[in-house]
Asker: 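Can you read through this structure? Questions will come right after.
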Amino acid sequence: MTVHVAWDESLARELIDERTGLEGAMLPILHALQERFGYVDSRAVAIVAQALNVSRAEVFGTISFYHDFKRQPPMGGTIKLCRAEACQARGAEDLVEHLEHEHGVEIDGGYQNGVKVETAYCLGNCALGPNALHDGEIYGKLDPQSLDELFALVARKAGARQ
Amino acid sequence: MTTRIYVPRDAAALSVGANAVAESFRREAEARGLSVEIVRNGSRGMFWLEPLVEVETAQGRVGYGPVAARDVPALLDAGMLEGGAHALSLGVIEQLDWMKRQQRLTFARIGVIDPLSLSDYCARDGLKGLKKALTLTREDVVDQVLKSGLRGRGGAGFPAGIKWKTVQGATADRKYVVCNADEGDSGTFADRMVFEGDPFMLIEGMAIAAYAVGATKGFIYLRSEYPHAADVMGQAIRLAEQAGFIGPDAFGRGKAFDLELRIGAGAYICGEETSLLESLEGKRALVRAKPPLPALSGLFGKPTLINNVLTLAAIPYILAEGAQAYADYGMGRSRGTLPVQLGGNVAHGGLIELAFGISLREVIEGFGGGTASGRPIRAVQVGGPLGAYLTERELDLPMDYETLAANHAMLGHGGIVVFDDSVDMAKMARFAFHFCAKESCGKCTPCRIGAVRGEETIDKIIAGRNVEANLALVRDLCDVMTAGSLCAHGGLTPMPVMSAIERFPEDFVPAERKTAAE
Ligand SMILES: Cc1cc2nc3c(=O)[nH]c(=O)nc-3n(C[C@H](O)[C@H](O)[C@H](O)COP(=O)(O)O)c2cc1C
Ligand code: SF4
Ligand code: FES
C-alpha cells in the first residue's frame with residue numbers, strides 16, 4: 001500500500017537532486033515527488049525550475065498538462081474507473097450511475113467517505129471490463145456488488161490513515 | 001519430483017484474482033506436502049478463462065480455468081498435478097482449437113515462459129535475432145526489415161524499413177531509439193501483454209534497432225495506467241544489463257546501448273510520436289509540426305527511431321528466421337501477422353495473432369463466440385477511439401490496412417470492440433467528441449474548440465432540437481476538423497462520429513420519432 005509523507009523541503013531536494021542528471025529529468029522528478037508526497041506541492045515548482053534551469057512557468061505548465069499530477073494533498077484514496085469504449089460496451093456507465101445514486105459520488109469530483117473516483121480511458125483489460133485501478137491493482141469484471149466492495153475497501157483504508 | 005504449475009501474472013489474470021489463486025496453490029501444496037514450483041507466466045490471451053492455470057504433465061501442459069482460489073483443494077483432489085479430469089479442465093492448451101488456428105510469431109512465447117527467465121527465453125529462440133544481426137552489416141539488417149514488409153503497428157502502418165533507413169542515413173553525434181508503449185486506444189492490450197509476458201523480446205528488438213540505426217540510447221515510454229507492465233519491464237532491463245546484451249558493451253568493441261524505462265502521466269495524446277518526444281524531454285506534450293521528421297530531428301533534436309511495441313517486438317523473429325519467413329504471411333501490402341485484440345461485449349475476448357487478411361466476422365464470431373450478453377451484435381469499432389464504427393453487415397471485410405481504408409475505416413493498433421444492440425450510437429458519437437476534447441493537446445483550434453462544440457451539438461441532436469440543422473453542423477465541423485487539425489487526434493475524431501451518423505442514422509432522429517418507431 002502506498003504511504004505518503006507530509007511536505008518536507010529537504011526530502012524534496014534530495015529526490016530532485018538524485019534525478020537532475022537524467023536526460024529529460026522533469027517527468028521522473030515530478031513522478032518521484034508525487035509518489036512520496038501524494039501530490040506535487042507548489043513549493044516544489046521553484047526548486048525544480050532551478051535544478052533544471054527552466055522557468056517556473058515551464059514547470060507549472062508541465063504539471064498542469066498531465067492528468068496524473070495532483071496539486072493538492074490527497075484526502076483519501078482514489079479509484080480510477082475506466083470509461084472508454086470497450087468498458088462502456090460492458091456496462092461501465094451503469095456503474096457510474098450506481099456510484100452516483102448509491103454513494104453520492106460525482107466522478108472526477110471530490111471525496112466521498114475518503115474515496116475519489118476518477119475517469120480513466122482504458123486500463124488495457126478490455127475483454128474483462130468494466131475495470132478499475134486502485135493503488136496499483138486492477139479490478140476486473142466489476143458489477144455493482146464488487147464495486148461496492150472496492151469502494152468500501154478504499155474508504156476503510158482512508159479511514160485507517162486518519 | 002517437482003511439478004510445475006503456471007499461474008499467470010498478466011494484469012488481466014490479476015484483475016480476476018490470479019494472485020489469490022497462486023497463494024492458494026502455495027498453501028495447499030505445502031499443507032499436503034506436495035512438491036510444486038509455481039511459475040508466474042504471461043497470459044495465453046484467453047481472457048475469459050483467466051485465471052487460467054496450467055500444469056506440466058507427460059501429455060503436455062494441461063489447462064484449468066477460470067480457477068478461483070476456492071477451487072484449488074478440489075482441483076488437487078481431482079489429481080490436477082497429473083492432468084486429472086475436473087469440470088474446469090480444458091485439456092492440453094496447445095491442442096485447443098482456439099490456439100491451433102492462430103499464427104503466433106510475436107506471441108509464440110507469451111503465456112508459455114516465465115517472462116523474467118533469460119534461460120527460458122534463450123531456450124525458445126530468444127537472442128537468436130540479435131546474434132544474427134550482429135553478424136550482419138547495419139545496412140543488411142535494415143534490408144531485412146525492408147524485405148519483411150513490416151509496417152508500423154502503432155496505427156499509421158508506415159513501412160518500418162523505410163523509417164529505419166532514414167535514421168540510419170542521418171549523421172549525428174547521438175541517435176535515439178524510442179519505443180512507443182503509450183497504448184492508449186480502448187480495446188488494445190497487446191503491448192501490455194508483451195511487457196508482462198515476454199519483455200526480453202522487446203528489449204532484443206530495440207537492441208537490434210539501435211545497432212541498425214547507430215543509436216546508443218533507447219527509451220521506452222510506457223503509460224502510467226500499466227503498473228504491472230512497468231514492474232516486469234524494470235526487472236527485465238536490469239537482467240538484460242547484467243547479461244550484457246544491453247549496456248556499455250552491448251554490441252562488442254565498447255559499443256554501448258543503454259535503455260531506460262520512462263513512465264507517462266496519463267495523457268492520451270502522448271501516444272502521438274512528437275507529443276511523446278516532447279513529454280520525454282520533460283515538457284507539456286504539445287504535438288510538433290512535421291517536418292522535421294523525428295527520424296531526422298527527434299528527441300533533443302537528434303535523429304530518432306520511434307516505433308510501436310509490436311513493431312519492435314516483430315524484429316527478433318524477422319532477423320532470426322529471415323525476412324521472407326515473415327513476409328510469407330499476410331495479404332497484399334499487409335505482410336506478416338497482426339496481434340488482434342478482441343474486447344468489449346464479446347464472449348471470448350482476448351489476443352489472437354493471425355496473418356493479415358482474416359475477416360472481422362471470423363474473429364468476432366469464430367474466435368470470439370459472439371457477444372458476452374448473448375444479444376445480437378449491433379456495432380463494432382475497429383482501430384481504437386479514432387477508428388470507425390462498422391455495422392454487423394460489414395463484418396465480412398478482411399482485416400488489412402488497404403481494405404479497411406477503402407471502406408472508410410482503419411485497422412489502427414488492431415483493437416476490435418464489440419457492442420450489442422443496447423448501444424446508442426448517438427451517445428458513442430458524443431463520446432468521441434468528448435474524448436477528443438478531454439485529451440486534446442490544445443495546440444490547434446479545430447480540435448481544441450471543435451470537439452467541445454461537437455459534443456454540444458450532438459447533445460442538441462439527442463435532445464431532439466433542430467436535428468436536421470444540427471446534423472448538418474456536425475458534418476461541417478467534421479470537415480473542418482479533418483482538414484484543419486495538426487495531428488490525427490483532431491483529424492480522425494470525425495471517423496467514429498461520421499461512421500456512427502452514416503451507418504446508424506436511426507439513432508440520430510428526434511426522440512419522439514425514435515420511440516414511435518419502437
Ligand atoms: C492521437 C494519437 C495517438 C497515438 N497513440 C499511439 C500509441 O498509443 N501507441 C503507438 O505506438 N502509436 C500511437 N500513435 C501513432 C504514433 O504517432 C506513431 O505513428 C507510431 O509511434 C510510429 O510507430 P510505428 O511506425 O511502429 O507504428 C498515435 C497517433 C496519434 C495521432
Ligand atoms: S489535432 Fe488536437 S491533439 Fe493534435 S495537435 Fe491539434 S490540438 Fe493537439
Ligand atoms: S476500455 Fe476499459 S480497460 Fe480498455
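All figures in this text were calculated on a predicted structure; none of them were measured in a lab. To find a chain, count down the sequence lines: A is the first, B the second, and so on, and within it residues start at 1.
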Asker: In terms of side-chain geometry, is the basic nitrogen of A:Asp68 or A:Lys80 positioned less than 4.0 Å from the acidic oxygen of its partner?
Answerer: yes

Asker: Strictly by modelled atom types, are A:Tyr121 and B:Glu225 linked by a side-chain donor-acceptor pair under 3.5 Å?
Answerer: no

Asker: Most heavy-atom pairs under 4.5 angstrom with chain B, which of A:Pro130, A:Ala120, A:Gly61?
Answerer: A:Gly61

Asker: Using a cut-off of under 4.5 Å for heavy-atom pairs, which of A:Cys82, A:Ala25, A:Ala86, A:Pro28 has the most such pairs with chain B?
Answerer: A:Ala86

Asker: Can you tell me which of B:Ala12, B:Gly343, B:Ala267 forms the most heavy-atom pairs within a distance under 4.5 Å of chain A?
Answerer: B:Ala12

Asker: Would you check if B:Thr493 and B:Leu386 make a side-chain contact, meaning some heavy-atom pair closer than 4.5 Å?
Answerer: yes

Asker: Sort A:Leu123 into side chain, backbone, both or neither according to what part of it lies under 4.5 angstrom from a heavy atom of chain B.
Answerer: both

Asker: Is B:Ile263 close to chain A through its backbone or its side chain, or both, or neither, when contacts mean heavy atoms under 4.5 Å?
Answerer: both

Asker: Would you tell me whether B:Tyr268 and B:Asp185 have side-chain atoms, one donor and one acceptor, within less than 3.5 Å of each other?
Answerer: yes

Asker: Contact part of B:Asp420 toward chain A, heavy-atom cut-off under 4.5 Å: side chain, backbone, both or neither?
Answerer: neither

Asker: Can you tell me which of B:His228, B:Lys217, B:Met193, B:Gln381 forms the most heavy-atom pairs within a distance under 4.5 Å of chain A?
Answerer: B:His228

Asker: Using a strict 4.0 Å threshold on nitrogen-to-oxygen distance, state whether A:Asp108 and B:Lys438 make a salt bridge.
Answerer: yes

Asker: Can you tell which of A:Glu85, A:His67, A:Met26 has the highest number of heavy-atom pairs within less than 4.5 Å of chain B?
Answerer: A:Glu85

Asker: Pick whichever of B:Ala285, B:Gly282, B:Gly187, B:Pro227 has the most heavy-atom pairs under 4.5 Å with chain A.
Answerer: B:Ala285

Asker: Give a yes or no answer on whether the side chain of B:Glu50 reaches the backbone of B:Leu52 with a donor-acceptor pair at less than 3.5 Å.
Answerer: yes

Asker: Establish, from distance only, whether the side-chain atoms of A:His103 and A:Asp148 form a donor-acceptor pair under 3.5 Å.
Answerer: yes

Asker: Nearest 0.5 angstrom please: A:Trp7 CH2 to A:Asp41 CG, how far?
Answerer: 5.0 Å

Asker: Chain A heavy atoms under 4.5 Å from B:Ala229: which part of the residue, side chain, backbone, both or neither?
Answerer: neither

Asker: Regarding B:Glu439 and B:His489, do their side chains bring together a donor and an acceptor under 3.5 Å, going by distance alone?
Answerer: no

Asker: Does any backbone or side-chain atom of B:Glu260 lie under 4.5 Å from a heavy atom of chain A? Answer side chain, backbone, both or neither.
Answerer: side chain

Asker: So which part of B:Cys441 gets closer than 4.5 Å to some heavy atom of chain A, the side chain, the backbone, both or neither?
Answerer: both

Asker: Checking heavy atoms, do the side chain of A:Gln34, its backbone, both or neither come under 4.5 Å from chain B?
Answerer: neither

Asker: Sort B:Met428 into side chain, backbone, both or neither according to what part of it lies under 4.5 angstrom from a heavy atom of chain A.
Answerer: side chain

Asker: Please identify, among B:Gly349, B:Ala372, B:Ser279, the residue contributing the most non-hydrogen atom pairs under 4.5 Å to chain A.
Answerer: B:Ser279

Asker: At a 4.5 Å cut-off on heavy atoms, which part of B:Phe47 comes close to chain A: side chain, backbone, both, or neither?
Answerer: both

Asker: At a heavy-atom distance under 4.5 Å, which candidate from A:Cys126, A:Gly129, A:Ala84, A:Gly140 has the highest pair count against chain B?
Answerer: A:Cys126

Asker: Do the two ring centres, one from A:Phe69 and one from A:Tyr39, sit under 6.0 Å apart?
Answerer: no

Asker: At a 4.5 Å cut-off on heavy atoms, which part of A:Glu58 comes close to chain B: side chain, backbone, both, or neither?
Answerer: neither

Asker: Among side-chain atoms of A:Glu149 and A:Ser146, is any donor-acceptor pair under 3.5 angstrom?
Answerer: no

Asker: Would a 4.5 Å heavy-atom cut-off, applied to side chains only, mark A:Val96 and A:Glu100 as touching?
Answerer: yes

Asker: Find the one option among B:Asp191, B:Asn345, B:Ile416 whose heavy-atom pairs under 4.5 Å with chain A are most numerous.
Answerer: B:Asn345

Asker: Quick check on A:Phe65 against chain B: is it the side chain, the backbone, both or neither that has a heavy atom closer than 4.5 Å?
Answerer: side chain

